[in-house]
Amino acid sequence: KKGFAKGKTIKVAAGSDNLFEAMNKAEAGDILMLGEGEHILTKKIVFTKSLTITSSSKSATKPVIKMKSENAEDPLFELTSDVYVRFRGVKIDGEGDNKLTKTPKYAFATGEHALGYSLFVDNCDIYDFSVAGGSVFNSLYCTMADSIVIKNSVIRDSYSGINLHKEKEDGRYNAETVIFSNSVFANLSDYALDYYRGGFDESTIGGSLLINHCVFDSVGNTAKESILKLSRIMFVKINNSIFSNSTAKSTVLLWGLYDK
């Protein structure tokens, strides 16, 4: 894809805001290779260009990204229009109920009116985003992703997973394609995915979800609604996946034309 033209590799040492500074110097297509240890952010990173954040293949442990900001509403990462962003082989730690710092509500969020962006998460651990009402990913009203892909990853110990339910008008939705593959969603108070398309107008076909070889364990136990909330998404395919240890009212809340 156009956003993944390979650029130079920039090595980023652990420490406070080294990642933020490297982001500012990077050019579209660059790869930011994080050293082992903790990478602390004191302000959110806004993606205005397509980049990859990864660990070295020689790393014994995954580097950890955390935020220590005065604004708990800030996500660690904000996506804007037309960016292609990849995270590979890292941990993103929300620090849960740490009383010594303001903990972020979201790992990822869209900027206002972000359109045509894509997020790819591979071999990552994302955890402890447990602020009530928060989520690992949060979309805003009038935003649209091209693709959100999570594979070979673990999302755990957080309030909720992927939030794509902010649209109101008929036919509107927040992501064209969502793919979960070979991943685990565990210990989430609310849903793993809330994916919504407004209205009942079948002339506006939209929204595609593919889930394959995933585990959803202890999800939705507090909200007691659904593990997957899929409202009027037109194409849904769920294969080879396990749903366990949940007291949610339903495993999947499903409405669509071409669901399997």
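At least one donor-acceptor pair closer than 3.5 Å links the side chain of K166 to the backbone N or O of S139. The closest donor-acceptor contact from the side chain of T110 to the backbone of L140 lies under 3.5 Å. Judged purely by atom type and a 3.5 angstrom limit, S183 uses its side chain to pair as donor or acceptor with the backbone of S181. Between the side chain of T80 and the main chain of G111, no donor-acceptor pair closer than 3.5 Å is present. Between the side chain of S231 and the backbone N or O of Y196, no donor-acceptor pair lies under 3.5 Å. The backbone N or O of A248 sits less than 3.5 Å from a side-chain atom of S246, completing a donor-acceptor pair. S241 contributes a side-chain N or O that, together with a main-chain N or O of C214, makes up a donor-acceptor pair within less than 3.5 Å. Using modelled atom types, no side-chain atom of D146 and backbone atom of G116 make a donor-acceptor pair closer than 3.5 Å. In this structure, T52 contributes its side chain and R86 its backbone to no donor-acceptor pair below 3.5 Å.
Contact detail for V219 and I227: the closest heavy-atom pair is O-CG1, 3.6 Å. In terms of heavy-atom proximity, L115 sits nearest to C142 at CD2-O, 4.1 Å. Closest approach of P63 and L34 over heavy atoms only: CG-CB, 3.7 Å. Between A114 and S81, the shortest heavy-atom distance links the atoms CA-OG, 3.5 Å. Nearest heavy-atom pair across S226 and K229 is CB-CG, 3.6 Å. Closest approach of T61 and E36 over heavy atoms only: OG1-OE1, 3.0 Å.
Cluster membership check: Y106 does not share its hydrophobic cluster with I53, using side-chain heavy-atom separations under 4.5 Å among Ile, Leu, Val, Met, Phe, Trp and Tyr. Under the 4.5 Å side-chain heavy-atom criterion for ILVMFWY residues, a single connected hydrophobic cluster contains both L193 and L188. Residues V46 and L119 fall into different hydrophobic clusters, defined by Ile, Leu, Val, Met, Phe, Trp and Tyr side chains chained together at heavy-atom separations under 4.5 Å. In this structure, I40 is not a member of the same hydrophobic cluster as L76, with clusters built from ILVMFWY side-chain heavy atoms closer than 4.5 Å. The hydrophobic clustering, which links ILVMFWY residues whose side-chain heavy atoms are closer than 4.5 Å, places I10 and F77 together.
Checked against a 6.0 Å centroid threshold, the rings of Y117 and F47 do not count as neighbours.
Within the 4.5 Å cutoff, no side-chain heavy atoms of F235 are placed close to those of T177. K62 has its side chain out of reach of V64: every pair of non-hydrogen atoms, C-beta onward, lies at least 4.5 Å apart. When side chains are defined from C-beta on, F108 does not count as touching V85, because their heavy atoms never get closer than 4.5 Å. Counting heavy atoms from C-beta outward, K25 and D30 have side chains that stay 4.5 Å or more apart. The closest side-chain heavy-atom distance from N187 to Y127 is not below 4.5 Å. Proximity of H39 to V12: side-chain heavy atoms (C-beta onward) are separated by under 4.5 Å at one or more points.
F216 meets the ring-ring contact (aromatic ring centres under 6.0 Å, His included) test with F185, F243; sequence neighbours excluded. Partners of K49 according to the salt bridge (Lys or Arg N to Asp or Glu O under 4.0 Å) rule, which considers only residues two or more places apart in sequence or in another chain, do not exist here. Evaluation of the side chain to side chain donor-acceptor pair (under 3.5 Å) rule for N24 yields no partner, not counting sequence neighbours. Annotation: side chain to side chain donor-acceptor pair (under 3.5 Å) contacts of E27 (sequence neighbours excluded): none. Here E176 pairs with nothing under the salt bridge (Lys or Arg N to Asp or Glu O under 4.0 Å) rule; sequence neighbours left out. Scanning for side chain to side chain contact (heavy atoms under 4.5 Å, CB included) contacts around T222 gives S189, with sequence neighbours left out. In this structure, the side chain to side chain donor-acceptor pair (under 3.5 Å) partners of N152, at least two apart in sequence or on a different chain, are D122, N182. For S244, the side chain to side chain donor-acceptor pair (under 3.5 Å) partners two or more places apart in sequence, or in a different chain, are D217. Applying the side chain to side chain contact (heavy atoms under 4.5 Å, CB included) criterion to K105, with sequence neighbours excluded, gives E73, V131.
Between the CG atom of L209 and the OH atom of Y195 there is a distance of 7.0 Å, given to the nearest 0.5 Å. How far CD1 of I211 is from CG of L228: 4.5 Å, rounded to the nearest 0.5 Å. Rounded to the nearest 0.5 Å, atoms CD1 (I238) and CG (L230) are 6.0 Å apart. Once rounded to the nearest 0.5 Å, the distance linking OG of S208 with OH of Y173 reads 9.5 Å. The distance from atom CD1 of I126 to atom CD1 of I92, rounded to the nearest 0.5 Å, is 4.5 Å. Considering OG1 of T9 and CE of M33, their distance stands at 5.0 Å, rounded to 0.5 Å.
Here V154 is tied into one hydrophobic group with V184, V215, I242, each link being a pair of ILVMFWY side chains closer than 4.5 Å.
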Which pairs would a plain distance check flag for residues 15-23, meaning a side-chain donor or acceptor within less than 3.5 Å of a matching protein atom at least two apart in sequence or in another chain?
residue, atom, partner, partner atom, Å
D17, OD1, T42, N, 3.0
D17, OD1, T42, OG1, 3.4
D17, OD2, T42, OG1, 2.4
N18, ND2, A13, O, 3.1
N18, ND2, A14, O, 3.2

Do any side-chain atoms of residues 158-165 form donor-acceptor pairs under 3.5 angstrom with protein atoms, and if so which ones, sequence neighbours left out?
residue, atom, partner, partner atom, Å
S158, OG, D128, N, 3.4
S158, OG, F129, N, 3.0
S158, OG, R156, O, 3.0
S160, OG, G134, O, 2.7
N163, OD1, H165, N, 3.2
N163, OD1, H165, ND1, 3.3
N163, OD1, H165, NE2, 3.4
N163, ND2, N138, OD1, 2.6
H165, ND1, D194, OD2, 2.6

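Checked by atom type, the side-chain pair E95/T103 shows no donor-acceptor distance below 3.5 Å.
The environment of K43 atom NZ is dense: over 12 non-hydrogen atoms of other residues, nucleotides or ligands sit within 6.0 angstrom.
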